[in-house]
Number of protein chains: 2
Amino acid sequence: MRSNLCEGTNSVVTIIDVARAAGVAPSTVSYVLSGKRSISPQTRRVVEQSIRKLGYHPHAGARSLATSRTNVLALVAPLREDLTVMDFVAAVATSARDRDQDLLLLTKDEGPTALRRVISSAIADALIVLDVESADPRLPTLLSLGRPVVLIGAPDQTAGLTCVDLDYETAGARCVEHLADLGHRSIALVGPSPAAYQRGASSAGRFLRGITNAANSHGTHLRARPCAPNYDAVRDCLDTLLAGEPTALVVHNEAVLPIAMAELHRRWLRVPDDLSVVAVCSDTAAISGAVPLTTVPVPAAELGGMAVEMVLRQVAGHTQPEIRLLPPRLTPRASTGPRL
Amino acid sequence: MRSNLCEGTNSVVTIIDVARAAGVAPSTVSYVLSGKRSISPQTRRVVEQSIRKLGYHPHAGARSLATSRTNVLALVAPLREDLTVMDFVAAVATSARDRDQDLLLLTKDEGPTALRRVISSAIADALIVLDVESADPRLPTLLSLGRPVVLIGAPDQTAGLTCVDLDYETAGARCVEHLADLGHRSIALVGPSPAAYQRGASSAGRFLRGITNAANSHGTHLRARPCAPNYDAVRDCLDTLLAGEPTALVVHNEAVLPIAMAELHRRWLRVPDDLSVVAVCSDTAAISGAVPLTTVPVPAAELGGMAVEMVLRQVAGHTQPEIRLLPPRLTPRASTGPRL
DNA sequence: CTGAAAGCGCTTACAG
DNA sequence: CTGAAAGCGCTTACAG
């Protein structure tokens, strides 16, 4: 009862094999596959049968050689242990597949050379770059490639670049507005890790700017500190921040979030009665703790989907650079309440 | 002062361009590149200069068409938000690059069809599969591919398959031994999520078997429960487990770990005085909490590296299937102590 | 130590 | 609606 697929020789089934089996020319098989000219119903049927029967799969290299298209997108991702990164990778992978593209994974530490290599060797048609820094050293290379590139994130200089990101500056403002509405006049920010600030992670600076400006214009006191993702750093950071007796805490650091919540608990600080908490992170992280957290969610799925869409538009010929900043939404949950 | 790389036409630089510029035959350029025959020093020098000057990069599709080799490895990863998955992806990506291979990222939910497509279309030379289940539905396809495949994980039936994994059965035993040595006679296990058991995650069952058998032979009482990665599930799980008054807790669930530690703290259970804790997880997760945890670390970096090495050996012609189970090591830290 | 040429498996004008 | 043929950019026997 075994099917006779792949029986006999182990060699590759080519378009010529299919053509012979179907009694047509190779070009006809090609056109059936691409739909680029009309084919009689009978021909189509017999060709499609042969394709199935022989288990034909077009050779990607041959196709790319003939068309200058690979249908592969390269994603450049940082390798750190980070759920948000994983979210973005997942989002881009899924939407790439939805558009019949494969995904090549490059790591950030391969640097600019790898980007040029992948494009110049026609391994991928386009690049999606994660974890962009304010003055990213890869920018000159990216610009000189002359091929489709989309950045998830926004560097300082965006001339000629296509970027998509959450509007972190407004996100910072949203946090202040929400807390100010609840009567809070003193806010503390647990920011990204010192490493993130040092490498100039673009979201870190923009969020800080947004929350600072908003605090000023609301007459709200703000104290901000970066925080490394380990227990000691969190304790120190909270020591410093809580010394100012804030009534609300904004956490823009997903890795630190569970540690910080546990530490607040250890210090007998009830959330939200003693301290309101707003987090900027993925929603899954926000609802896994004891108290469901008010968040400004990072919409990784949307951002990843948009990046794929935008880069494919470029592949299709659209060359106008564009910056898209998604308006942040704040989702109120149990971790924020009125100042008591 | 601009360099004259890439000046003028935007079209692809080919081996013919390089040959012309160097005054040699295209085949000579090819041999300089591949090192497959001896080349006079002068010829080599002039060819290498032309390559640099023109910014030549070999066309991957053309090369794969001519050689039947892509130098691309495909990694099939599950998409869930999970640091361990991220660890494995990072490990495989890095070691692939070290061996001059690119990495294509496939998602688990694409199923067996994607695996066949990627191999049959010569998009990748080989497959590395993560998150293997006891009776994984992809196994028949994988076996029929006739191409290099390495599983990270071990299904029940391994005939004809090459697998590499931590020896989770022995890992379970190590936990019991360590705790029994410290005098503990009643152990509780927080296992992987119900979802993991349901899909038959192979490590879940093997670890449970190992810890169960070891507990029996040590005359130690064991109570085990799966646990979903959210606060309510953790609370329920601990309610059930702690009712048995264990003096030690084994946590084989990285996502649950920070929540569980916070919850123990909330219940006034001091670690290790009231309760010893052993975790099976990456070491970064183990040392980020208030108490550095005794672990049996999951050696993602080693496993990923071995998978790449093994799959490349297969690509090079080595066809003998093999099962490699890494012996687990237990790293004692502050979270385990003698039963008081 | 080096060259000329066939062939890898596709796509797409060109011709009918 | 369909076929015959050139060409995409490499590699590798074959010949010298």
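Note: hydrogens, waters and symmetry copies are ignored here, and every other heavy atom, side chains too, is used. Each chain gets a letter, A, B and so on, in the order its sequence line appears, and its residues count up from 1.
- A donor atom on one side chain and an acceptor atom on the other are found under 3.5 Å apart for B:S144 and B:R116.
- Residue pairs meeting the salt bridge (Lys or Arg N to Asp or Glu O under 4.0 Å) criterion with at least one member in residues 59-72 of chain B, sequence neighbours excluded, are B:R69-B:D125.
- Between the side chain of A:S121 and the main chain of A:I123, no donor-acceptor pair closer than 3.5 Å is present.
- On the nucleic acid side, DNA chain C contacts chain A at distances under 4.0 Å to non-hydrogen atoms, with the end points of that region at C:dG9 to C:dC14.
- Screening residues 14-35 of chain A for salt bridge (Lys or Arg N to Asp or Glu O under 4.0 Å) gives A:D17-A:R20 as the qualifying pairs, with residues at least two apart or on separate chains.
- A donor-acceptor pair is defined here as one N or O able to donate and one able to accept, closer than 3.5 Å; such a pair exists between the side chain of B:S95 and the backbone of B:A91.
- Comparing the P positions of D:dG9 and D:dA13 gives a spacing of 23 Å, expressed to the nearest Å.
- Counting non-hydrogen atoms of neighbouring residues, nucleotides and ligands closer than 6.0 angstrom, the CD atom of B:Q157 reaches no more than 12 such neighbours.
- Remark: B:E302 does not engage B:R324 in a salt bridge, criterion side-chain N to carboxylate O under 4.0 Å.
- A distance of about 24 Å separates the P atoms of C:dC14 and C:dC10, rounded to the whole Å.
- Comparing B:G23 and A:A62, the nucleotide of DNA chain C nearest to each residue sits closer to the 5' end for B:G23.
- You'll find the side chain of A:L127 stays beyond 4.5 Å of the side chain of A:R138, heavy atoms only.
- Listed in residue order, the members of residues 27-39 of chain B having a heavy atom less than 4.0 Å from DNA chain C are B:S27, B:T28, B:R37, B:S38, B:I39.
- Ion pairing between A:E48 and A:R52 fails under the 4.0 Å rule for side-chain N and carboxylate O.
- Partners of A:D131 under the salt bridge (charged side-chain N to carboxylate O under 4.0 Å, His left out) rule, at least two apart in sequence or in another chain, are A:R80, A:K108, A:R199.
- Within 4.0 Å (heavy atoms only), B:S64 reaches no atom of the nucleic acid at all.
- Looking at B:R97 and A:D109, no side-chain N of the basic residue comes within less than 4.0 Å of a carboxylate O on the acidic one, giving no salt bridge.
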- How would DNA chain C look in dot-bracket form, 5' to 3', counting Watson-Crick and G-U wobble pairs with both distances under 3.5 Å and writing | for bases paired to another strand? |||.||||||||.|||
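- Nucleic acid contact for B:T43: sugar-phosphate only, since backbone atoms but no base atoms lie under 4.0 Å from a heavy atom of the residue.
- Comparing C:dG16 with C:dT12, their C1' atoms sit 16 Å apart, to the nearest whole Å.
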